[in-house]
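First comes the structure, then the notes that go with it.
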Amino acid sequence: MKTVKINQPVIPVGPLHPLQEEMECFRLTVDGETVTDIDMRISYNHRGIEGISQSLQFDQVPLLVSRICGICSASHPLAYVQAVEEIADVKLPDRARYVRTIVAELERIHSHVLWLGLAGHFIGYDTVFMWAWKYREPVLDMLEAITGNRNNYGNLLIGGCREDISDDLIPKMLTDLDEIEKKMDMLIKAVTDDPVIHARLKGVGVLTKEDAVRFAVTGPTARGSGVDIDVRHDDAYAAYDELDWSVCAVPEGDVFAKAVVRLLEVLEAIKIIRQAVKKLPKGPVKTNVKDIPPGEGTGRAEAPRGETFHYVRSDGGNRPVRHKARAPSYVNVPSFKASCIGQKLADVTITLAAVDPCYSCTERLAVVDKRTDEVLYDYNMLLKLSREKTEEIRRHA
Amino acid sequence: MDWRIWSLKKSPWVFHVNTGACNNCDIEVVDCLTPRFDIERFGMKLVGSPRHADALLVTGGVTAQAAHRLREVYRQTPKPCVVFAIGACACDKGIFTTGYHMVGPVDKIIREIDPDAIIVYVPGCPPKPEAIISGAIKALSAL
């Protein structure tokens with residue numbers, strides 16, 4: 001790891017700044033216009049969700065984990081309920097698997113188009129921002145028609161889905177999908193052929209395949225660097241293994257490649273939804289899960305940003321004794337170390353946005369020395385310090 | 001009517017503060033700016049600095065890390081200003097009430113430094129853009 005001279009100017013970005021919606025702090029060490037080092041500070045959004053989750057009952061937790069991140073509010077509960085279903089060994093009704101797939105893919109479209117709009121905004125191209133968000137609205141309407149809410153669908157239960165897709169809705173969904181696909185096609189052609197976007201995004205913030213593997217990035221960040229991992233394909237859940245679709249991977253690794261991956265995934269998602277709606281099996285959409293036996297389970301889901309992983313341990317009671325969530329941005333954010341250094345300052349904003357970071361998902365604690373990149377305090381060290389402090393207090397008391 | 005209130009009602013510029021929200025209220029706030037809802041037609045505009053703002057759109061239940069930053073942002077905003085608590089978390093901490101790291105809600109933090117602050121509550125998880133716009137209009141017409 002490399003050492004940074006202290007007398008180099010540092011530009012702080014954040015914690016509250018107009019670039020991104022959430023609180024986060026980047027301290028960019030610059031040499032003229034060139035960024036030589038980056039220090040990321042997060043945890044402003046830490047809400048202690050894992051702790052709250054252990055005080056809730058199993059069936060209340062999906063509503064909580066859908067609020068880990070509002071944009072991934074189908075993926076986190078999906079990973080959670082899969083973990084619990086693994087413990088209880090639930091056989092899901094076929095219709096539930098298809099409804100889950102449809103909601104998850106609608107969420108992917110809305111998230112990717114949202115990212116495209118924000119990316120346009122970050123490079124000062126507000127036309128893209130307005131267009132993308134305009135064409136995202138029909139997707140939100142469809143989600144509202146299915147689940148009753150534009151965001152935070154709360155549609156997942158242990159053993160199925162809360163809301164079913166009514167038969168009257170299906171013809172309208174198919175015509176709406178055609179309309180959305182037409183709009184998306186137009187938008188994607190406009191964006192990928194635009195010389196301004198080429199000039200701003202091509203060759204910017206390159207994350208090589210080696211770095212992508214070294215930082216273990218997931219989701220479109222990895223697929224934009226030519227690493228074709230996708231939980232939907234590698235460890236198929238819901239109904240993905242019964243539908244015809246392909247993993248989109250592009251080898252370049254720059255911001256443009258990540259944008260292309262996301263846009264191609266939008267088209268794939270439309271394809272998946274159309275097939276799932278047509279093949280939607282008849283039957284109930286939920287089963288009754290009586291109790292959760294002791295045991296542990298894991299669930300994985302491909303959120304729009306990458307792999308979401310949940311671990312749940314049960315002792316046979318009515319609430320989880322341990323619940324661990326790992327969000328995709330947790331592994332994607334450190335890759336800024338590889339992609340931002342050596343960039344011009346003006347390009348860093350879009351490079352930071354390119355992994356579609358989601359800080360509300362990610363908040364953890366570790367203390368790292370900025371100069372040496374050495375981890376000063378990890379979990380064991382903090383535990384040791386805490387015990388020493390307790391001893392000291394006892395001595396004085 | 002005080003001329004400052006009169007001028008505030010004409011075209012409020014808003015600054016968006018996330019104090020530990022889950023992003024949902026934030027994307028609905030941004031949604032208000034985009035073509036379907038387009039609050040800019042009412043003269044409302046999102047600005048990049050609290051010093052330019054007439055209103056603060058606060059989302060999230062205020063985490064321990066965010067509390068003093070929220071106070072600082074409120075101090076920096078020219079008075080009179082309106083604070084909008086957007087979403088269930090900002091109104092009463094919502095689903096995160098029992099979280100050890102939550103020190104909010106928003107009104108408690110703001111009232112600590114200014115007991116007379118004008119605070120508008122827009123509940124919902126997340127509130128729809130229509131609700132945010134309606135909250136804004138109601139607040140401005142009540143001033």
Side-chain angles (χ1 to χ4, degrees), chain A residues 14-25 41-53 55-56 60 63-73 76 110-111 114 117-118 121 126 129-138 140-141 144 149-152 154 358-361 363, chain B residues 15-38 40 46-50 52 56-57 59-70 72-73 76 87-89 93-102 104 124-131:
Chain A
L16 276 167
H17 58 100
L19 167 66
Q20 283 175 350
E21 291 158 7
E22 292 168 87
M23 292 180 99
E24 71 280 314
C25 184
R41 296 183 178 194
I42 53 175
S43 91
Y44 301 100
N45 262 10
H46 175 71
R47 285 155 292 168
I49 288 182
E50 287 175 9
I52 302 174
S53 146
S55 70
L56 295 179
Q60 293 173 324
L63 300 176
L64 175 73
V65 291
S66 72
R67 283 156 182 84
I68 287 181
C69 167
I71 309 176
C72 309
S73 58
H76 278 288
H110 116 71
S111 174
L114 174 143
L118 289 179
H121 182 59
D126 268 0
F129 172 48
M130 292 295 171
W131 272 21
W133 282 58
K134 182 180 169 193
Y135 296 141
R136 173 177 159 267
E137 289 294 334
L140 293 181
D141 289 345
E144 193 177 358
N149 208 353
R150 285 161 56 90
N151 310 92
N152 274 350
C358 179
Y359 301 97
S360 59
C361 292
E363 312 297 41
Chain B
F15 179 69
H16 171 213
V17 193
N18 180 325
T19 60
C22 70
N23 267 341
N24 245 334
C25 300
D26 310 272
I27 58 177
E28 294 295 47
V29 164
V30 178
D31 226 2
C32 291
L33 302 173
T34 55
R36 186 184 279 187
F37 301 102
D38 195 15
E40 286 191 14
L46 212 55
V47 291
S49 161
H52 300 164
L56 296 178
L57 291 181
T59 57
V62 191
T63 61
Q65 286 255 40
H68 76 270
R69 293 177 170 95
L70 175 61
E72 194 54 43
V73 165
Q76 289 177 2
C89 297
K93 296 199 276 186
I95 200 165
F96 303 115
T97 311
T98 52
Y100 74 99
H101 207 241
M102 308 300 282
C125 188
K128 295 176 81 168
E130 291 94 334

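All figures in this text were calculated on a predicted structure; none of them were measured in a lab. So that the names make sense, note that chain A is the first sequence line, chain B the second, and so on, each numbered from 1.
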query = Can you name the nearest heavy-atom pair linking B/Asn23 to A/Cys69, along with the distance?
reply = ND2-SG, 4.0 Å

Quick one: pull up [atom1] in [X] and [atom2] in [Y] and give me the separation to the nearest 0.5 Å.
{"X": "B/Thr98", "Y": "A/Leu56", "atom1": "OG1", "atom2": "CG", "value": "6.5 Å"}
{"X": "B/Leu70", "Y": "A/Met23", "atom1": "CG", "atom2": "CE", "value": "8.0 Å"}
{"X": "B/Asn24", "Y": "A/Asn149", "atom1": "CG", "atom2": "CG", "value": "8.0 Å"}
{"X": "B/Tyr100", "Y": "A/Ile52", "atom1": "OH", "atom2": "CD1", "value": "9.5 Å"}
{"X": "B/Arg36", "Y": "A/Met130", "atom1": "CZ", "atom2": "CE", "value": "14.5 Å"}
{"X": "B/Leu33", "Y": "A/Phe129", "atom1": "CG", "atom2": "CZ", "value": "6.0 Å"}

Interchain contact, [X] with chain A, by part (heavy-atom threshold 4.5 Å):
{"X": "B/Asp31", "value": "both"}
{"X": "B/Val30", "value": "both"}
{"X": "B/Glu28", "value": "side chain"}
{"X": "B/Thr19", "value": "backbone"}

query = Within the side chain of B/His101, is there an N or O that forms a donor-acceptor pair under 3.5 Å with the backbone of A/Arg47?
reply = no

key: Sidechain-backbone polar pair: B/Thr34 side chain, A/Lys134 backbone, donor-acceptor under 3.5 Å   = no

ask   = Would you say A/Pro15 and B/Gln65 make side-chain contact, with heavy atoms under 4.5 Å?
value = no

request  = For residues B/Pro126 and A/Asn152, determine if any side-chain heavy atom of one lies less than 4.5 Å from a side-chain heavy atom of the other.
outcome  = yes

inquiry  = The criterion is salt bridge (charged side-chain N to carboxylate O under 4.0 Å, His left out); which residues satisfy it with B/Lys128, sequence neighbours excluded?
reply    = A/Glu144

ask   = Side chain, backbone, both or neither: which part of A/Asp126 has a non-hydrogen atom closer than 4.5 Å to chain B?
value = neither

request  = Mind ranking B/Cys89, B/Pro35, B/Pro50 by heavy-atom pairs under 4.5 Å with chain A and telling me who comes out on top?
outcome  = B/Pro35

ask   = chain A: which of B/Thr63, B/Val62, B/Ile27 shares the most heavy-atom pairs with it under 4.5 Å?
value = B/Ile27

ask   = Yes or no on side chain to side chain contact (heavy atoms under 4.5 Å, CB included) for B/Phe96 and A/Leu64, after CA distance, side-chain angles and deciding distance?
value = CA-CA 8 Å; B/Phe96 303 115; A/Leu64 175 73; 3.8 Å; yes

